[in-house]
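Remarks on the structure that follows.
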Amino acid sequence: TILYVHYTLLANTNLVEEVPVVEEKIQVLEPVIVEATRLKGFEVRIVNDYNNERLELTETLGEALRYIESYRDHHEDLVASVTCNEAVVLNPGATDIAGQKLPRLVAIDCGVKYNILTELCNRFEVVWCPASIDFKTIVDVWNPDAIFASNGPGDPAHDGLALMARKSLAEAVRSEIPVMGICLGHQLMGLAAGLRTYKLKYGHRGTNQPVLDVETGKVIITSQNHGYALEDPNNGMLSPHPSGLCSDINENILGADFKVRHINANDKTVEGLDLIDRPAFTIQFHPEACPGPHDASSLFDRFSNLVRN
């Protein structure tokens, strides 16, 4: 199947940054487009004339670009481009209002948001660590009471720093250290639990995403910004992307079972996991959202209480 994509539309995409000359931009994009769409059985030809008699669009431009973005997510280690360079204690010697020393938490930075660190610093002494840190270093050097895995960009199944962070989380769970994950951190925990991740047809974006807590029956309004999801253990991949991009099937390396705690009230995709008989849980959405919504902010308190107990 031949996929014709118009030259000027490609020139206006932002898939390749800081290439000022249109001709150069197309030269950079074309091999990526060709390779990405070849994986789906397409041959790509770039055309200059909308009226070209060969112009037979077999997919919309939007679908074509989503194939390309999937390819880029899968092949580039985006976590490596956003993680911090070295471990730093953000609030050394932090204490609570009664003067009691706060528990120490290692925050694995896969692209962490500032307000997540702010919320964590209100409850823990926080060691902000790069995603490349291994579990042995976490324990030997920092001896934390808890571990947190942050949000971040790209394919959660990438075999770069995201994989290193996944292994550290799994070892923490096996060692019965309390663990919380948000967004990418949630997906990494799901991969370690043996679930697949997959690209959504339409990512969840914005500040009005309804999420159901299946244990309490309560719906909360959340802020979300993700293009991947965890498969449902019973219903598989819900609302998948046409590219079919998903991770391989892996075994559960957590040494613990899990249950789905939160689901999206719109498309029923997985939004949170609770580990069974382990002090750990994950959420796909952003409880730190500022200026809101704040429906989910109490989840930081839930984790703090779990650590203290």
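Just so we're clear, the structure is a prediction, and the values are computed from it rather than from any experiment.
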Give, for atom [atom1] of [X] and atom [atom2] of [Y], the distance between the pair rounded to the nearest 0.5 Å.
X: C121; Y: N115; atom1: SG; atom2: CG; answer: 10.5 Å
X: I220; Y: I283; atom1: CD1; atom2: CD1; answer: 7.5 Å
X: N151; Y: I116; atom1: CG; atom2: CD1; answer: 4.5 Å
X: E231; Y: L195; atom1: CD; atom2: CG; answer: 5.5 Å
X: L273; Y: K259; atom1: CG; atom2: NZ; answer: 11.0 Å
X: T207; Y: Q224; atom1: OG1; atom2: CD; answer: 10.5 Å

Are [X] and [Y] connected in the hydrophobic side-chain network, where two residues link if heavy atoms are under 4.5 Å apart?
X: V79; Y: F148; result: no
X: L188; Y: L299; result: no
X: V219; Y: V260; result: yes
X: L78; Y: V82; result: no
X: L306; Y: V179; result: no

What closest approach, in Å, do [X] and [Y] show between heavy atoms, and which atom pair accounts for it?
X: I138; Y: P144; answer: O-CD, 3.3 Å
X: A157; Y: T197; answer: CB-OG1, 3.9 Å
X: G111; Y: S150; answer: N-OG, 3.6 Å
X: R196; Y: S247; answer: CA-OG, 3.2 Å
X: P178; Y: V307; answer: CB-CG2, 3.8 Å
X: L191; Y: P156; answer: CD1-O, 3.3 Å

If we ignore hydrogens and angles and just use 3.5 Å, is the side chain of [X] paired with the main-chain N or O of [Y] as donor and acceptor?
X: R278; Y: G255; value: yes
X: N91; Y: V126; value: yes
X: N252; Y: A256; value: yes
X: T269; Y: N264; value: no
X: T83; Y: D109; value: yes
X: Y198; Y: L238; value: yes

Exercise for the section: Would you mind listing every ring pair (Phe, Tyr, Trp, His ring centres under 6.0 Å) that reaches into residues 255-275, with sequence neighbours excluded? Expected result: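 Passing the test, one end in residues 255-275: H262-F285.
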Problem - Close side-chain approach of S223 to P293, heavy-atom, < 4.5 Å - result: yes
Problem - Nonpolar side-chain network containing L163, other nodes, edges under 4.5 Å - result: none
Problem - Neighbour count >12 (heavy atoms, 6.0 Å) for atom CG, D140 - result: yes
Handout entry: Enclosure of I249 CD1 (heavy-atom neighbours >12, cutoff 6.0 Å)
Key =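 Open: at most 12 neighbouring heavy atoms sit under 6.0 Å from CD1 of I249.
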Fill in the blank from the handout: Contacts satisfying side chain to side chain donor-acceptor pair (under 3.5 Å) that involve residues 169-193 (not counting sequence neighbours) are H186-T282, Q187-Q284
Practice task
Can you tell me which residue pairs pass the side chain to side chain donor-acceptor pair (under 3.5 Å) test with a partner in residues 288-304, sequence neighbours excluded?
Solution key: R123-D301, D274-R302, H286-E288
Handout entry: side-chain contact (heavy atoms from CB on, under 4.5 Å) assessment of L275 paired with M189
Key = CA-CA 10 Å; L275 270 60; M189 184 77 86; 4.3 Å; yes
Problem - Geometric class of the F303/F124 ring pair [parallel <30°, tilted 30-60°, perpendicular >60°] - result: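 Ring orientation of F124 relative to F303: tilted.
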Under 3.5 Å donor-acceptor pairs involving side-chain atoms of residues 96-108, not counting sequence neighbours:
from, atom 1, to, atom 2, distance (Å)
D96, OD1, A98, N, 2.9
D96, OD1, G99, N, 3.0
D96, OD1, Q100, N, 2.8
R104, NE, E125, OE1, 2.8
R104, NH1, W142, O, 3.1
R104, NH2, E125, OE1, 3.1

Practice task
Could you give me the CA-CA distance, side-chain angles and deciding distance for V141 and I133, then say whether side-chain contact (heavy atoms from CB on, under 4.5 Å) is met?
Solution key: CA-CA 11 Å; V141 175; I133 193 169; over 6 Å; no
Exercise for the section: For N143, check side chain to side chain contact (heavy atoms under 4.5 Å, CB included) against everything at least two apart and list the hits. Expected result: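 Per chain and number, N143 pairs via side chain to side chain contact (heavy atoms under 4.5 Å, CB included) with no residue.
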